[in-house]
Amino acid sequence: EVTLWWVFYLFSVPATGRWLNWTIWGAVFLTGLFLPPGASLDVTEALSLSKYPGYVEYQQRVSRFVLWLPRQAEPAQQAAKRE
């Protein structure tokens with residue numbers, strides 16, 4: 001959702017011919033809603049952690065905010081899965 005607002009802003013730059021225009025406020029405020037410590041992202045992570053036992057492993061493999069390739073599991077985690 002945050003990325004979508006930054007894309008709206010980036011599309012508005014050539015449309016308006018200005019780097020600073022009113023659409024940047026949506027991106028800035030939504031980023032501020034999710035990213036600061038104790039914000040929405042922390043709350044959803046805590047809720048998921050309390051609901052799903054395997055969520056800790058998932059957190060170690062996947063980027064928290066930015067869509068990125070998953071990391072490989074640590075050798076100790078791979079060995080524990082086999083047992």
Rounded distance [0.5 Å steps], OG1 in T3 versus CZ in F8: 11.5 Å
What distance do S48 atom OG and Q59 atom CD have between them, rounded to the nearest 0.5 Å? 8.0 Å
Who else is in F11's hydrophobic cluster (ILVMFWY, side-chain heavy atoms under 4.5 Å, direct or via others)? V7
Pairing residues for Y52 by the ring-ring contact (aromatic ring centres under 6.0 Å, His included) criterion, not counting sequence neighbours: none
Do other residues, nucleotides or ligands put more than 12 heavy atoms under 6.0 Å from Y58 OH? no
Less than 4.5 Å apart, any side-chain heavy atom of V56 and any of Q60? yes
Taking the side chain as everything from C-beta on, heavy atoms only, tell me whether V13 gets closer than 4.5 Å to W19. yes
Which atom pairs, donor and acceptor, lie under 3.5 Å between side-chain atoms of residues 26-40 and protein residues at least two apart or in another chain?
unit_1, atom_1, unit_2, atom_2, d
T31, OG1, W6, NE1, 2.8
T31, OG1, A27, O, 2.7

